[in-house]
K.L.:
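Sharing a structure, written as structure tokens. Questions coming.
FYI, the numbering just counts along the sequence from 1. The model shown is predicted, which means the values in this text are computed figures rather than measured ones.
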Amino acid sequence: MMINNDDQILTEREVCDWLGVSEPTLFRHRRDGTGPIFIRLSVRRVGYRRSAVEAWLRRQEQHKPRFIQHADGRK
């Protein structure tokens, strides 16, 4: 049986390497519900479908720059 590349399940390490983030950062996103949808593989392991990570990345795209408003009014 051939697996569609979009359905490929990636490890936490593979997703971290792809996104350029640390495992604790990915964990925080998972804990806070702000990261890609994940799959609980066992009590200690999670995986991520490639398509879920790509969909999450699309949702993170910004079309306009966000300006941070500082307390003193600077941008």
K.L.:
Heavy atoms, side chains only, cut-off 4.5 Å: are Thr11 and Arg45 in contact?
P.N.:
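Answer yes - side chains close enough.
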K.L.:
Taking only residues two or more places apart in sequence or in another chain, which ones pass salt bridge (charged side-chain N to carboxylate O under 4.0 Å, His left out) with Arg44?
P.N.:
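Result, salt bridge (charged side-chain N to carboxylate O under 4.0 Å, His left out) vs Arg44: none returned.
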K.L.:
State which residues pass side-chain hydrogen bond (donor to acceptor under 3.5 Å, both in side chains) with Arg13; sequence neighbours excluded, sorted by chain then number.
P.N.:
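Arg13: side-chain hydrogen bond (donor to acceptor under 3.5 Å, both in side chains) contacts with Asp17, Glu23.
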K.L.:
side-chain hydrogen bond (donor to acceptor under 3.5 Å, both in side chains): which pairs involve residues 31-42, sequence neighbours left out?
P.N.:
His29-Thr34
K.L.:
Which residues pass the salt bridge (charged side-chain N to carboxylate O under 4.0 Å, His left out) test with Arg28, sequence neighbours left out?
P.N.:
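In terms of salt bridge (charged side-chain N to carboxylate O under 4.0 Å, His left out), with neighbours along the sequence ignored, Arg28 is linked to no residue.
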K.L.:
Any salt bridge linking Glu12 with Arg30? Criterion: basic side-chain nitrogen under 4.0 Å from a carboxylate oxygen.
P.N.:
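The answer is yes: the pair qualifies as a salt bridge.
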K.L.:
For Ser22, enumerate each residue passing the side-chain hydrogen bond (donor to acceptor under 3.5 Å, both in side chains) test, keeping only those at least two apart in sequence or located in another chain.
P.N.:
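Listed in chain order: Thr25.
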K.L.:
Counting C-beta onward and ignoring hydrogens, is there a side-chain heavy-atom pair between Asp7 and Arg50 closer than 4.5 Å?
P.N.:
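The answer is no; the side chains never approach within 4.5 Å.
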K.L.:
Considering only Ile, Leu, Val, Met, Phe, Trp and Tyr, and joining two whenever side-chain heavy atoms are under 4.5 Å apart, list the other residues clustered with Leu26.
P.N.:
Leu10, Val15, Trp18, Leu19, Val21, Phe38, Val46, Tyr48, Val53, Trp56, Leu57
